[in-house]
Protein chains: 2
Amino acid sequence: MQDLLFDFISKYVTLTKDEMNDITSLDIFRTLKKGTILLKEGQKSKDEYFVLKGCIRKYYIIDGEEKTTAFFTEMEALTPHCAINNEPSEYFISCVEDTTLTVANIDLGVDLFIKIPKFQIMCSILSTEILAKQQINFDEFKTSSPEQRYLNLLQKRPDLIQRVPQHQLASYLGIKAESLSRLKARIFEKIKK
Amino acid sequence: MQDLLFDFISKYVTLTKDEMNDITSLDIFRTLKKGTILLKEGQKSKDEYFVLKGCIRKYYIIDGEEKTTAFFTEMEALTPHCAINNEPSEYFISCVEDTTLTVANIDLGVDLFIKIPKFQIMCSILSTEILAKQQINFDEFKTSSPEQRYLNLLQKRPDLIQRVPQHQLASYLGIKAESLSRLKARIFEKIKK
DNA sequence: TACAATCGTTAACTTAAGTTAAGAATTGAG
DNA sequence: CTCAATTCTTAACTTAAGTTAACGATTGTA
């Protein structure tokens, strides 16, 4: 399982055997059951997550309703806002499936930067990449209808539609579960003709 | 006008007189007329912008229609996607008002990093800040209705509503201009009661 | 100043999302 | 295996956004 992490890292920087051992000895790998809550609203935590296998989701509870705003699957990283600003979290993070991930305290990350300076390079590349992706996602979301968003998701992350409960997917698309059902039926009608 | 830039920088790092002179001598300040187009779809450019006074907007043309996805006002920076990936731009950038900004080639930015290493620190702080803001904005957008988005904007960026054409504001809120007019009338009705 | 273009609003009508409720299918726990 | 909870879909109705068109106000330009 750790190999998944090292394969990922190797795309950005080359680690020595010693450095890999340093990382392994940190004991940051966790396997969690579906439904496990990693972070709750109001909670302070400095943990960052990197998904190796499985899927986690970020959601708000607004007026008693869950609003899912993001999913993170294999090789995706999530640094909760509260880990940066040290304020109580405004959202929840939980496992959509049984999930294996790394849980790294953000301060421990800083230690690593000292021990393995090339990690800084990787992180600055990664954060640029994530920001760019984020901006494109936001633009696409703003400029398209729920139906277009669904079709777009079908192209870009077809796996998500299969592995995620539909009511979570609906709020991820900015609509209600009932609307998603109708929307899918509508699309299916069009294809049939 | 340059003082605005140095005031901004001073929040992150302290520059010496020499360093300030280095920056001034780069001749990166531009004042542009309302309506000036900084970047067109399909164009390749390595320029990054930092608004000192005025307002610029980023928009797509989709099926012949302008879709505005972002505004940048005083002390906000915009690095177009094409400046990073060196692909033709997918969107336009133009001046909403007469605008003074810095235009810096991204390669020139790299030179600066070598000449003034502390700029790297500032940039990594800035990119973390921007990513965090971006994520919160996206979450707010996803979890709220057009009406809530408008009310939210009224709280957070009341100036935008005044200085920006309503049809541009509408697409920024993810709706059509006519819907924005109705939405405002609706809100006004509620307040009147 | 005069004329054209752009802009903002209103109205009537269409389409799709929100709401409420119900029921079938699936999942999970005991 | 069984029962309860969760999930997904469908339906009927409401609300709001999209569409098309018109019109007055504002802006920019010749």
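Since the model is a prediction, treat every value here as computed from it, not as a measurement.
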S.K.: Once you round to the nearest 0.5 Å, how far does CD of B/E19 lie from CD1 of B/I116?
M.R.: 4.5 Å
S.K.: Tell me: CD of B/E65 to P of D/dT19, nearest whole Å?
M.R.: 7 Å
S.K.: If you assign each of B/A177 and A/V164 to its closest nucleotide in DNA chain D, which residue comes earlier from the 5' end?
M.R.: A/V164
S.K.: Quickly work out the A/E178 CD to D/dA11 C1' distance and round it to whole Å.
M.R.: 11 Å
S.K.: Pick one: which of B/F29, B/F72, B/F8 meets ring pair (Phe, Tyr, Trp, His ring centres under 6.0 Å) with B/F50?
M.R.: B/F8
S.K.: As a test of reading the structure: which of D/dT10, D/dA17, C/dG8 is closest to the side chain of A/A185, going by heavy atoms?
M.R.: D/dT10
S.K.: Report the distance from atom CG of B/L183 to atom C1' of C/dG8, rounded to the nearest whole Å.
M.R.: 14 Å
S.K.: Between the base of C/dG18 and the side chain of A/R182, is there a donor-acceptor distance below 3.5 Å?
M.R.: yes
S.K.: Whole Å only: how far is the CG atom of B/L173 from the P atom of C/dG8?
M.R.: 13 Å
S.K.: Atom CG in B/L151, atom OG in B/S144: separation rounded to 0.5 Å?
M.R.: 9.5 Å
S.K.: Rounding to a whole Å, what distance do you find between A/I175:CD1 and C/dT19:P?
M.R.: 13 Å
S.K.: C/dT9 phosphate, OP1 or OP2: any side-chain N/O from B/S181 under 4.0 angstrom?
M.R.: yes
S.K.: Need one value for B/K33: base, sugar-phosphate or nothing, where a base atom within 4.0 Å counts as base even if backbone is also close, heavy atoms only.
M.R.: nothing
S.K.: Looking at C/dT27, I'd like to know if its phosphate oxygens (OP1 or OP2) sit under 4.0 Å from a side-chain N or O belonging to A/K34.
M.R.: no
S.K.: Decide if the gap between the ring center of B/F92 and the ring center of B/Y59 is smaller than 6.0 angstrom.
M.R.: yes
S.K.: As a test of reading the structure: which of D/dT7, C/dT19, C/dG28 is closest to the side chain of A/H167, going by heavy atoms?
M.R.: D/dT7
S.K.: Looking at C/dT10, D/dA17, C/dA17, which one has an atom nearest to any side-chain atom of A/R186?
M.R.: C/dA17
S.K.: Closest to the A/P146 side chain: C/dA17, D/dG18, C/dA11?
M.R.: C/dA17
S.K.: Atom NZ of B/K176 and atom C1' of C/dT10: how far apart are they, to the nearest Å?
M.R.: 18 Å
S.K.: Counting the benzene-type ring for Trp, do A/F113 and A/F119 have ring centres under 6.0 Å apart?
M.R.: no
S.K.: How close or far is atom P of D/dG18 from atom CG of B/L180, stated in whole angstroms?
M.R.: 11 Å
S.K.: Nearest heavy atom decides the nucleotide; on that basis, is B/S179 or B/Q168 closer to the 5' end of DNA chain C?
M.R.: B/Q168
S.K.: Grab the CG-P distance between A/L151 and C/dA16 for me, whole Å please.
M.R.: 13 Å
